[in-house]
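One structure below.
Every number for a ligand or one of its atoms is a count from 1 in the order of the listing.
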Amino acid sequence: MELWFTEKHTPNVDFSIKVDRQLYSGKSEFQRIDIFDSKEFGRFLTLDGYMMLTEKDEFIYHEMITHVPMAVHPDPENVLVIGAGDGGVVRELTRYSTVKNIDLVEIDELVVEVSKKYLPTTACRFDDERVHIFYEDGVKFMRRCEDKYDVIIVDSTDPFGVGEGLFTKEFYGSCFNALHDDGIMVNQHESPFYDEDAVAMQRSHKRIVESFPISKVYQAHIPTYPSGHWLFGFASKKYHPVHDLNSAKWNLLGLKTRYYNTRLHAGAFALPNYVEELLRDVE
Ligand code: AG3
């Protein structure tokens with residue numbers, strides 16, 4: 001008998017991975033959580049049947065969502081992470097000795113518990129003394145924050161279900177208020193490729209453009225997400241993601257990365273024409 005995990009990328013396209021073993025299945029107040037093991041991608045985490053990360057390709061997503069803002073901000077000391085209960089973003093952030101505080105706001109405590117147990121490659125730095133976890137709805141948490149953070153990283157699920165609120169105008173406005181005058185917000189920005197995803201991507205882009213003076217988009221290829229072509233949003237009060245990138249300074253840190261480098265950083269903001277057009281349509 002063969003066991004396969006399948007996510008519908010569109011009503012007409014299936015993405016499947018052959019599963020060796022299901023390691024965990026459970027339901028929290030918020031969602032269904034599953035962990036599988038596979039030959040091709042190692043262990044992987046799905047929420048409500050949607051792929052969140054695999055051991056094989058998570059480095060691409062976590063490096064790109066973390067190091068891009070960290071290489072632009074000249075002195076990121078206080079960082080807020082929304083979602084990200086698997087620990088991947090926290091793992092990357094704790095590599096910066098200059099970071100003094102990392103607040104992680106995750107709505108679902110069970111995601112953190114399950115990740116600690118089954119995903120040691122990502123959930124490996126929660127015990128760093130700079131990390132503070134708040135089990136709370138990110139939208140509500142943000143309402144109380146003002147002029148507090150240098151960098152905010154929004155590592156959400158897709159814009160429906162539990163993560164829906166993290167794509168609203170209200171939420172982006174709260175993020176703006178929560179940032180210092182030179183703060184940066186980066187978010188996972190969905191895929192431009194399939195029509196339905198592109199429409200959702202445009203909708204959130206429009207809201208971010210309306211909320212921040214500088215709003216750019218960058219890309220990476222992530223094999224296990226719909227179409228494999230993924231976008232991130234870079235929203236900022238002051239710094240431009242490419243002109244204000246201090247490559248020499250970041251390279252002096254000596255962080256060993258597998259995907260991110262400062263040449264790729266600049267290149268990632270050069271987008272295909274069809275993507276530029278989708279973005280322009282809502283700017
Ligand atoms: N968060 C983004 C997941 C989006 C994937 N969408 C999908 N498979 N339909 C990933 C969390 C990693 N820390």
Centre of F59's six-membered ring, under 6.0 Å away, within 45 degrees of the axis: is that where NZ or CZ of R258 sits?
yes
contact_flag G88 ligand 1 heavy-atom lt 4.0 Å
no
Assess S156 for proximity to ligand 1: is some non-hydrogen atom of it under 4.0 Å away?
yes
Suppose I only count heavy atoms of [X] and a 4.0 Å limit; which atoms of ligand 1 are within that range?
X    : result
P226 : 7 (C), 8 (N), 9 (N)
E7   : 7 (C), 8 (N), 9 (N)
D86  : 11 (C), 12 (C), 13 (N)
H62  : 12 (C), 13 (N)

heavy-atom search around atom 7 (C) of ligand 1 in the protein gives D158 OD2, 3.3 Å
Which protein non-hydrogen atom lies closest to atom 11 (C) of ligand 1, naming both residue and atom, and how far is it?
D155 OD1, 3.2 Å
Verify the neighbour count for atom CZ of R143: are there more than 12 heavy atoms of other residues, nucleotides or ligands below 6.0 Å?
yes
Using ring pair (Phe, Tyr, Trp, His ring centres under 6.0 Å), reason through W230 and F193 one step at a time and then give a plain yes or no.
CA-CA 9 Å; W230 210 253; F193 190 73; over 10 Å; no
Please check if any side-chain donor atom of [X] sits under 3.5 Å from a side-chain acceptor atom of [Y], or the reverse.
X    : Y    : result
S25  : D34  : yes
Q188 : D155 : no
S174 : N177 : no

Is there any N or O on [X] that sits under 3.5 Å from an N or O of ligand 1?
X    : result
W230 : no
T157 : no
M51  : yes
E190 : no

Less than 4.0 angstrom from a charged side-chain N to a carboxylate O is my criterion; do E210 and K169 meet it?
yes
According to the interplanar angle, ranging from 0 to 90°, do the rings of H189 and H205 count as parallel (below 30°), tilted (30 to 60°) or perpendicular (above 60°)?
perpendicular
Among F160, Y225, Y50, which residue places a heavy atom closest to atom 10 (C) of ligand 1?
Y225
Y61-Y259 aromatic ring centre distance below 6.0 Å:
no
